[in-house]
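Residue numbering restarts at 1 for every chain, and letters A, B, ... go by the order of the sequence lines.
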Amino acid sequence: MMQEEVNEATSVLSVYGHTVKVTEVSQDGDTLTFIIVSQKLSGTGEYHVDRTYDDFEWLQQHLFAQEDVPGIQGVIFPPLPARPQVNASAKAMKQLGFLGLGEWQPYCKALETFLRQVAAHSILSKNKAVEVFLTSTEPPGRQKVRRNIFNRLSQAVEEMRKEGHKDVDEFFQTERDHNLVLTGHTRMAGEKFLDVVLTEQKIAVACGHFAAALHLCIENGEDPEKRAFSRVCVKLSEVFDSIKKNMMSVAVNDMNTLGLGLDLDSRYQEAEKEMLFRRICKLVELENARKNAEKAKPVKKNAMEEVKKAAEGEFEQICKVAKQEIAHLSQDRVGMVQKCLTQWCEQQLQTAKEGADVFNQHLQAFKAMA
Amino acid sequence: MATSSERSPPPFPDSEDQDALDSEEVRGRESDEDDGEELFLSATNTPMAKEESPSAPAGLLVDLLSDPLIEPLSSSMNKPSSELFEGLTNDTAVTAGKPSVEASDEFVDILGSEAAAQREEVDVTVEAAAGDKGGTSRGATDLLADGETRSAPEQEATSAAPVMDLGGLQQPPASAKVTDPLEDLLSDPPATAASDAHKPGGAVVDLFDDEGSDIFTGAPSSKPAKQPQKSLFGEADEDLFGEPLGAVSKKATSKEQKEKSAPASAGEPAHIFTEEAVGTVPNARPVSSKTNGIPPEEDSDIFAEATVELSLDSPRSERRKEATTKPPASASTSVSAAASLTKPQSAAVEELEEEEEEELEDKFDIYVSVKDPEKIGDGMNAYMAYKVSTQTSLPMFRSKTFTVRRRFSDFLGLYEKLSEKHGPNGLIVPPPPEKNLLGMTKMKVGKEDSSSADFLERRRGALERYLQRVVTHPMLLQDPDVREFLEKEELPRAVSTQALSGAGFLKMLTKATDAVSKMTIKMNESDVWFEEKLQEVESADQQFRKLHALVESLVVHRKELSLNTASFAKSAAMLGSAEDNTALSRALSQLAEVEDKMEQLHQDQAANDTFSFAEMIADFIRLLGAVRGTFDQRMKAWQRWQDAQAMLQKKRELEAKLLWANKPDKLQLAKEEIAEWEAKVTQYERDFERVSATVRKEVVRFEKEKTKNFKRQIIVYLESLLQSQQQLIKYWEAFLPEAKAIA
């Protein structure tokens with residue numbers, strides 16, 4: 001979805017990034033295994049690999065750990081969905097949000113998006129790990145990997161303080177403020193929308209129960225009055241079955257379009273926030289280096305200056321990459337939201353029309369009966 | 001019109017279930033003849049009043065007379081003839097006797113043969129004769145036909161049931177107390193008849209029994225207000241009965257001849273009375289929808305209405321008053337011509353009615369709405385008053401539209417009155433919504449939240465449907481209390497509605513149910529239909545309760561969806577305002593608006609679920625309770641009958657003991673007691689059968705209503721569902737270009 005324009009020339013991948021698909025998920029005990037299919041650049045063949053969440057984490061760690069790439073900390077890393085909880089409590093599932101719904105289908109969709117984002121990213125796709133992940137028959141990440149500092153924001157008090165650190169750059173200060181607001185609102189909207197979808201599912205289930213219970217009212221026998229009533233019950237049961245199906249597809253539409261969109265947007269906002277935080281950390285580091293260089297005794301002065309220069313260079317690199325990434329993101333984000341809103345609207349329109357058709361048929365049937 | 005034509009037939013189809021014997025024609029005539037009887041009885045009162053002074057009240061004579069009479073004819077014949085005869089002596093005894101000789105011959109013949117086919121034939125000839133002959137004689141022959149048809153169906157045990165139906169229906173609910181003295185009075189003649197009949201034996205006796213008692217229990221009891229006249233009637237009747245028939249008994253050789261002339265001549269005046277009654281009814285009739293006040297040109301119409309009318313317990317009081325105030329003398333002659341014309345037409349009309357019966361069902365032109373709940377007073381004394389508006393073209397009401405204010409307890413009071421009056425007869429009286437202490441307390445405290453608004457709307461709807469059910473019940477509509485409730489400006493405050501409050505009400509229902517199921521075990525139900533129905537009702541109750549719970553949870557989810565949609569709309573709006581991309585920001589604001597509209601749609605849908613299904617199902621759960629109540633009433637009637645039978649058995653044993661002990665002084669008393677209890681047993685058995693028939697009819701009606709109601713509600717539901725879906729389509733169609741315009 002995001003940054004999907006694949007730069008073929010510089011691509012080091014042997015597959016088309018935008019063809020990556022997570023086609024299947026299978027459950028073995030507590031482990032989910034995903035089948036990932038991608039088209040080979042050469043010819044018409046496809047790679048089929050099976051990956052677990054551990055493999056995804058392995059990939060992410062490798063992406064984070066590319067310390068040799070200049071300005072890597074300015075990259076907004078495509079957000080990997082949270083670890084799927086098999087047979088988890090309702091609360092744990094709730095934390096997965098939309099991704100916890102519907103038999104892992106949305107989750108696969110989110111993984112697929114993640115992989116496509118990585119494959120389409122001009123810096124990240126160059127990493128060998130991506131190629132390995134997409135093509136190697138051997139699952140790469142089954143051994144435990146070391147935890148990188150980028151892995152999670154360990155929000156210690158000190159770090160939190162850094163988050164409020166005054167920026168030297170107006171652009172970043174604005175972006176940080178904006179990101180803060182947007183992150184909150186996006187998350188909130190996603191949660192509210194999730195509530196809507198969950199309720200829609202409940203309604204669908206309730207309609208199903210009602211339709212089933214109506215079948216209990218059917219009486220056998222020759223009595224015409226009983227038969228008339230039974231017929232009404234059967235028809236009404238069909239009506240509620242239709243309502244159920246309609247509601248189900250409304251919920252599925254919500255989930256697959258706007259739901260996933262809001263989820264992705266929310267995770268991207270978080271990813272941007274993390275990047276901005278990493279930059280701030282670097283800024284604080286730089287400022288400390290400057291102070292140290294100023295205060296440094298002549299003996300250490302040169303060494304300090306060296307550190308300062310290196311930090312300055314690094315920071316500049318990060319800022320440069322970050323600016324690009326932010327520009328990219330804000331543009332892609334609009335495209336993504338637009339796309340999911342449009343799809344959502346189209347699908348709901350379709351469902352509503354189908355529903356109206358079916359309801360009308362039922363109505364006519366009842367009018368014919370009466 | 002719709003009212004009347006719809007009403008009369010139901011009892012017959014029911015009885016048909018049981019016997020499946022009566023042909024359509026017989027049924028039609030039966031109802032004819034029944035009216036005649038009732039009218040006759042009411043009409044006779046006035047002439048009898050005249051006779052009162054000369055005639056010596058000689059109730060004992062009956063006993064004496066009946067003995068000799070048994071031989072020549074079935075006693076059933078004696079009964080009507082004696083009544084009829086009374087009228088004859090009043091008016092045109094001689095003139096009527098002569099022209100009707102020819103017809104009377106046949107009449108007697110048929111009585112002897114008891115053949116249904118012949119009966120029909122005679123009817124034809126008699127009617128033909130009626131056409132030829134002038135005023136009085138026409139009436140006479142007609143009446144002959146009447147008398148003939150009357151006795152003929154009697155001879156079929158089966159036809160007794162329908163007749164009894166009518167009797168049951170005619171029983172006015174208001175007369176509960178008044179009829180008590182009447183019952184004593186009334187039970188006498190059938191009782192004596194029954195005991196008399198023992199001697200000749202045979203099928204005729206039973207028939208007679210039924211018929212005679214029917215006349216006395218059914219028709220007369222529908223005129224409780226006339227109690228004093230009733231006694232006159234009783235005296236006069238017996239007295240007259242005694243005189244001429246006593247003569248018959250003396251002239252053993254010319255019995256037949258005498259018989260002939262007696263009923264024949266008797267027929268004439270009796271018919272006149274019928275006519276008189278028919279003639280007066282249309283004018284006095286408060287219920288007849290269109291024909292009220294229309295002159296007798298529309299005879300057939302009027303007649304039909306009157307017929308039906310009379311088979312119900314409709315507006316007796318009014319009609320009675322007017323009928324009695326009418327100068328009876330003039331009526332006897334002047335109306336006869338008009339009424340005799342109505343006779344032949346009536347058959348055709350009734351056939352039509354039967355055909356139309358289905359379609360006409362429930363097409364009462366009356367709509368009751370309950371609106372504008374308004375809190376009156378403050379604090380814990382506060383109560384809700386509702387506007388009850390009625391729209392109708394039925395002439396029983398003073399105007400076409402009227403509105404009154406009623407408080408909730410008035411609705412409950414109406415129910416109490418109705419169920420007290422009609423419940424014991426086996427009618428399903430629609431129950432009102434239960435008292436809701438929590439909801440009301442909230443109201444009183446003045447806490448106005450969405451749940452109290454919901455409560456008010458639910459109750460308003462329930463009250464409206466309750467009233468609409470009452471007024472579409474053909475018999476309840478006729479109840480003066482219903483009319484008073486709808487029309488009267490001020491209603492006396494209902495006091496004893498406490499029992500109906502909330503849990504108490506439910507408890508009452510369950511108690512009744514328990515009683516029923518317990519009794520059923522004891523009763524060893526002989527009627528499979530009732531056994532099956534009770535089971536059906538009970539399983540339907542469970543199913544409906546389940547459905548109700550499911551719909552209620554669906555409604556809860558819908559409301560939740562509405563709330564969640566609203567908060568998503570808010571979030572979307574905030575997200576939109578935080579967004580710095582203008583196109584995206586705009587689209588998100590639009591999205592928020594769409595979601596706001598959807599919130600309304602979901603809310604409407606919740607209301608649709610509530611009012612189309614949840615409330616309808618709740619209504620039916622309440623109604624099922626009422627249905628079970630009628631089973632209970634039937635069981636009570638059965639219990640009463642059984643108790644009386646046990647008592648009779650005891651009395652007989654006592655008699656046997658006394659006989660053995662040879663105590664003649666006490667024996668006489670014992671014999672009297674036996675007679676008394678035999679009468680009671682007969683009476684209670686009839687009551688039980690009447691209640692059974694009514695319950696059956698009511699249950700069938702209820703089931704019809706149920707299906708119809710469901711269909712109607714489903715259509716309403718689907719229409720609103722479709723509408724909201726179309727609205728949804730509009731919203732999406734409007735939003736789509738906004739979404740596309742973002743980039």
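The closest side-chain donor-acceptor pair between A/Trp344 and A/Asp254 falls under 3.5 angstrom. For B/His473 and B/Gln468, the side-chain atoms include no donor-acceptor pair closer than 3.5 Å. Of the N and O atoms on the side chains of A/Thr199 and B/His557, not one donor lies less than 3.5 Å from an acceptor on the other residue. Counting only N and O atoms by type, the side chains of A/Tyr268 and A/Asp332 include no donor and acceptor under 3.5 Å apart. Side-chain contact annotation: A/Ser242 with A/His362, donor-acceptor N/O pair under 3.5 Å present.
Contacts between B/Glu595 and chain A at a heavy-atom distance below 4.5 Å involve the side chain alone, from C-beta outward. Looking at A/Lys235, there are no atoms closer than 4.5 Å to chain B (heavy atoms on both sides), in backbone or side chain. Residue contact with chain B, scored on non-hydrogen atoms closer than 4.5 Å, involves the side chain of A/Leu262 exclusively. Of the atoms belonging to B/Leu561, heavy atoms from both backbone and side chain fall under 4.5 Å from chain A. Of the atoms belonging to B/Leu554, heavy atoms from both backbone and side chain fall under 4.5 Å from chain A. Only the side chain of A/Ile243 comes within less than 4.5 Å of a heavy atom of chain B; its backbone N, CA, C and O stay farther away. Contact annotation for B/Phe544: only side-chain heavy atoms (C-beta onward) come within less than 4.5 Å of a heavy atom of chain A. Proximity to chain A is limited to the side chain of B/Leu591, based on heavy atoms less than 4.5 angstrom apart.
Between chain B and the options A/Leu363, A/Leu214, A/Val232, heavy-atom pairs under 4.5 Å are most frequent for A/Leu363. For the options B/Leu736, B/Leu550, B/Leu728, B/Val556, heavy-atom pairs under 4.5 Å to chain A are most numerous at B/Leu736. In terms of heavy-atom pairs under 4.5 Å with chain A, the best-connected choice from B/Glu536, B/Lys546, B/His602 is B/Glu536. Between chain B and the options A/Val205, A/Thr342, A/Asp357, A/Leu198, heavy-atom pairs under 4.5 Å are most frequent for A/Thr342. Contact count against chain A (heavy-atom pairs under 4.5 Å) is highest for B/Glu733 among B/Gln726, B/Gln542, B/Glu738, B/Glu733. Contact count against chain A (heavy-atom pairs under 4.5 Å) is highest for B/Glu579 among B/Gln723, B/Glu579, B/Lys570. For the set A/Leu236, A/Val181, A/Val337, the entry with the most heavy-atom pairs within less than 4.5 Å of chain B is A/Leu236. When the candidates A/Ala189, A/Gly355, A/Cys207 are compared by the number of heavy-atom contacts under 4.5 Å with chain B, A/Ala189 comes out ahead. Your options are A/Leu341, A/Asp195, A/Ile203, and the one with the most heavy-atom pairs under 4.5 Å with chain B is A/Ile203. Interface check for chain B: of the options A/Glu200, A/His178, A/His209, A/Lys353, the most heavy-atom pairs under 4.5 Å are formed by A/His178.
For B/Ser562 (side chain) and B/Glu599 (main-chain N/O), a donor-acceptor pair under 3.5 Å exists by modelled atom type. A donor-acceptor pair under 3.5 Å links the side-chain atoms of A/Thr174 to the main chain of A/Glu170, judged by distance alone. For the pair B/Thr565 (side chain) and B/Met598 (backbone), a donor-acceptor distance under 3.5 Å is absent. Without hydrogens or angle criteria, A/Gln343 side chain to A/Thr257 main chain gives no donor-acceptor distance under 3.5 Å. Of the possible donor and acceptor atoms, none in the side chain of B/Arg469 sits under 3.5 Å from a partner among the backbone N and O of B/Pro430.
A/Arg279 forms a cation-pi arrangement with A/Phe172, by the criterion of a distance under 6.0 Å to the ring centre and an angle within 45° of the ring axis.
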